[in-house]
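Data first, discussion second: the structure below is written as structure tokens.
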Amino acid sequence: VYACYNQQQIERVRQLLADRGLEVLLRDRSSSSFPTTVGMTATKLIAVNAAHHALALDIIRSAMQDGVLLGEGHLIEA
């Protein structure tokens with residue numbers, strides 16, 4: 001449901017969703033062998049159960065509007 005490069009930002013999103021009772025999967029695609037902060041290899045992803053996808057998007061959108069999240073990441077709508 002969400003992707004970004006910033007570790008603090010992705011942890012904040014994970015905690016927001018977990019606090020609402022959603023099971024969250026965090027996938028860090030960065031590689032310790034080839035450390036980089038740009039491109040798909042550095043992306044950190046948040047996933048939730050498909051049944052909770054719409055709710056997760058609403059929670060994240062609300063946090064963005066409230067200024068809780070910076071504009072560093074993006075929603076994954078599909």
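Note: hydrogens, waters and symmetry copies are ignored here, and every other heavy atom, side chains too, is used.
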Which atom pairs, one a donor and one an acceptor, fall under 3.5 Å between side chains of residues 46-61 and the rest of the protein, sequence neighbours left out?
residue, atom, partner, partner atom, Å
Asn49, OD1, Ala51, N, 2.8
His53, NE2, Ile76, O, 3.1
Arg61, NH2, Glu77, OE1, 2.8
Arg61, NH2, Glu77, OE2, 2.8

What pairs of donor and acceptor atoms, side-chain ones from residues 19-27 against any protein atom, are under 3.5 angstrom apart with sequence neighbours left out?
residue, atom, partner, partner atom, Å
Asp19, OD1, Gln15, NE2, 2.6

> Among all residues two or more places apart in sequence or in another chain, which pass the salt bridge (charged side-chain N to carboxylate O under 4.0 Å, His left out) test with Arg14?
Replying inline: Glu11
May I have the list of side-chain donor-acceptor pairs in residues 66-74 shorter than 3.5 Å, sequence neighbours left out?
residue, atom, partner, partner atom, Å
Glu72, OE1, Asn6, ND2, 2.9

> Under 4.5 Å between any side-chain heavy atoms of Tyr2 and Leu45, yes or no?
Replying inline: no
